[in-house]
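What you see is a predicted model; the values in this text were computed from it and never measured.
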Amino acid sequence: MHFKKIVSFLLSIALILSFASTGYSQASVSTVSIETARLAAADHVLTEAILDEQSKWFGKRVAIDQGQEVYDASGAIVAYSFNVEAGGVKSGELLVSAFIDNEPINFWADEGSDTITENQTINQALQKKQKEDNKKVKDKKIVWLGGLEFAYKTKFDDGSEIVYDQRGNHIKDWKQQTNADSNHPSSVNKNNRNNWDRIKKLAVLDGTGSPGQSNPSDGFTNIDPATWESGYGSIHKNYINTIVNAKQYTWVSGGVTQYSGCTPTAGKNIIQYFKDAGYSNLLKNPSTGATYTEKQVIELLRTYMGTTQTSTGTGSTLDSNVASGFEQYAQAHGYPNADFVTEATDFYTATTLIDNSKIFEILVHGNSYVGDHALTVVGYKEFVNASNYLNSKYYVVRNNWSSDAYKDYYLKSAAWTSSKMSYVNHF
């Protein structure tokens, strides 16, 4: 993959991004939040997707993930990393500066993935280390060594730490390899501050519904809750940066559009994720060895989960069929000991799953925006107050509607009349 250094900032797109008049900011704050950085990433990606015919994003529906903080050796945030999807395929990434006196976009590429963010090689090395030492991951950080070199610092529950390079090698002298000062601005830059002022005023338009709204009553939005939560002492969070994002397919029967169903479609994400984690047979036809298409996986899960069609065309699946459906699928593909669990949703069980690199399905009933719906959980965010029972808790989820304008959404805990979670215990 070839990264590109930005030397000029492209025009924003009026139909997609709207903003007020710009002006030089005299604010003393010298850093930007991850939410503002994501606007900068969106501005650049959407411009490429619409104006640059040579871009691999051109003419495609693009989505940007929630991003990750990137640190220097001292532990200070110096940038943010974002992965991009184009046409439903992982397609490039951006590194956005955390400083208003730097150009917003440090590097970007419209192809490839996992150059900045933790890749499969590092995940495998980390899983091996956890198994050998019987440790659990407490915290993970991306460290920018300078240029296109990054390290991945992991802290375990016993207080020990380990750092891997991009090739999955354990490095001990990583602080000596870091040019920490190179990522910090050396002086005030009026032009860059003006550009950041413009970016802060951007508003990504998203039609109707709660996505695009802050603190919606239905608890479902793409807006980071940190923009409205207050009075908390810290944020407990984790996010699995995975490409999985299957959408329901459709067909017409009796003049009615039929939808494949949220539960088996979200289930395809689970199958894909664990295949990428090393269970390679999950996407292979056991008879021919051929790799399944997305539709084929969903069709099989529909069969195993007993999904039926309602009179309005909705694919309907009983919660009680989900775990057994997953097990039947896994067992038919070479994993006879596969064990899945469906139980009442518990936030702290969810955090344990995500902390142990396990995404899962959440089966929601009675949410006023998504209704009765299954989604894929890829992360969480908890705003910790002095009294734990007052904490605000959110799931980071992938939806499976073809009309989704965003890759990741936030679903507030208990924003439903009832809910269950279905997850893999072991294969």
**Student:** Got a second to check how far W251's CH2 is from Q258's CD, nearest 0.5 Å?
**Tutor:** 5.5 Å

**Student:** Distance only, no hydrogens: is a donor on one side chain within 3.5 Å (strictly under) of an acceptor on the other, for D355 and Y380?
**Tutor:** yes

**Student:** Between Y394 and E229, is a side chain to side chain donor-acceptor pair (under 3.5 Å) present by the stated rule, with each step listed?
**Tutor:** CA-CA 11 Å; Y394 297 85; E229 291 288 349; 2.5 Å; yes

**Student:** Which heavy atom of K358 sits nearest a heavy atom of I354, and at what distance?
**Tutor:** O-CD1, 3.5 Å

**Student:** Backbone N or O of V84 within a donor-acceptor pair of the K407 side chain at under 3.5 Å?
**Tutor:** no

**Student:** Against D408, only a single residue in K381, R38, R398 fulfils salt bridge (charged side-chain N to carboxylate O under 4.0 Å, His left out); can you say which?
**Tutor:** R398

**Student:** Taking W196 for its side chain and F99 for its backbone only, find out whether a donor-acceptor pair lies under 3.5 Å.
**Tutor:** yes

**Student:** Any chance the rings of Y335 and H426 have centres within less than 6.0 Å?
**Tutor:** no

**Student:** Ignoring hydrogens and angles, tell me if any N or O in the side chain of N285 forms a donor-acceptor pair with the backbone of G289 under 3.5 Å.
**Tutor:** no

**Student:** Kindly indicate, with the supporting measurements, whether the criterion ring pair (Phe, Tyr, Trp, His ring centres under 6.0 Å) is fulfilled by Y232 and F383.
**Tutor:** CA-CA 6 Å; Y232 56 88; F383 296 84; 4.9 Å; yes

**Student:** Mind running salt bridge (Lys or Arg N to Asp or Glu O under 4.0 Å) on K412 and D218 for me, showing each step along the way?
**Tutor:** CA-CA 8 Å; K412 191 168 186 177; D218 52 43; over 6 Å; no

**Student:** Please report the C-alpha distance between D43 and R198 in whole Å, then the side-chain angles of each, then the deciding distance to 0.1 Å, and finally whether the salt bridge (Lys or Arg N to Asp or Glu O under 4.0 Å) criterion is met.
**Tutor:** CA-CA 11 Å; D43 188 28; R198 179 187 66 84; 2.8 Å; yes

**Student:** Hey, is K237 close enough to E69 for a salt bridge, meaning N to O under 4.0 Å?
**Tutor:** yes

**Student:** When you measure from the side chain of Y410 to the backbone of G219, do you find a donor-acceptor pair of N or O atoms at a distance under 3.5 Å?
**Tutor:** no

**Student:** Are the aromatic rings of F347 and Y395 close, with centres under 6.0 Å apart?
**Tutor:** yes

**Student:** Answer yes if the ring centres of H373 and W416 are under 6.0 angstrom apart, and no otherwise.
**Tutor:** no

**Student:** Give me the atom names and distance for the closest heavy-atom approach of A266 to A374.
**Tutor:** CB-O, 4.3 Å

**Student:** Which heavy atom in P264 sits nearest to a heavy atom in R302, and how many Å separate them?
**Tutor:** CG-CG, 3.6 Å

**Student:** Is any side-chain heavy atom of E327 less than 4.5 Å from a side-chain heavy atom of D339?
**Tutor:** yes

**Student:** Is the number of heavy atoms from other residues, nucleotides or ligands under 6.0 Å of Y273 OH greater than 12?
**Tutor:** yes

**Student:** Using the six-membered ring wherever Trp is involved, compare the ring planes of H44 and W57 and label them parallel, tilted or perpendicular (cut-offs 30° and 60°).
**Tutor:** perpendicular

**Student:** Between F427 and Y279, how do the two ring planes meet: parallel, tilted or perpendicular, split at 30° and 60°?
**Tutor:** tilted

**Student:** When the ring planes of Y409 and Y406 are compared, do they come out parallel, tilted or perpendicular, using 30° and 60° as the limits?
**Tutor:** perpendicular

**Student:** On a heavy-atom basis, which atom in P104 and which in A40 lie closest, and how many Å separate them?
**Tutor:** CB-CB, 4.2 Å

**Student:** By the definition side-chain contact (heavy atoms from CB on, under 4.5 Å), identify the one residue from N400, L301, T314, T265 that meets it with S260.
**Tutor:** T265

**Student:** Report the distance from atom OG of S217 to atom OH of Y369, rounding to the nearest 0.5 Å.
**Tutor:** 12.0 Å

**Student:** Between D319 and V322 (side chain of the first, backbone of the second, donor and acceptor by atom type, cut-off under 3.5 Å), is there such a pair?
**Tutor:** no

**Student:** As an exercise, state the distance from CD of Q296 to NZ of K268, rounded to the nearest 0.5 Å.
**Tutor:** 11.0 Å

**Student:** Just by distance, do the side chain of T307 and the backbone of T303 share a donor-acceptor pair under 3.5 Å?
**Tutor:** no

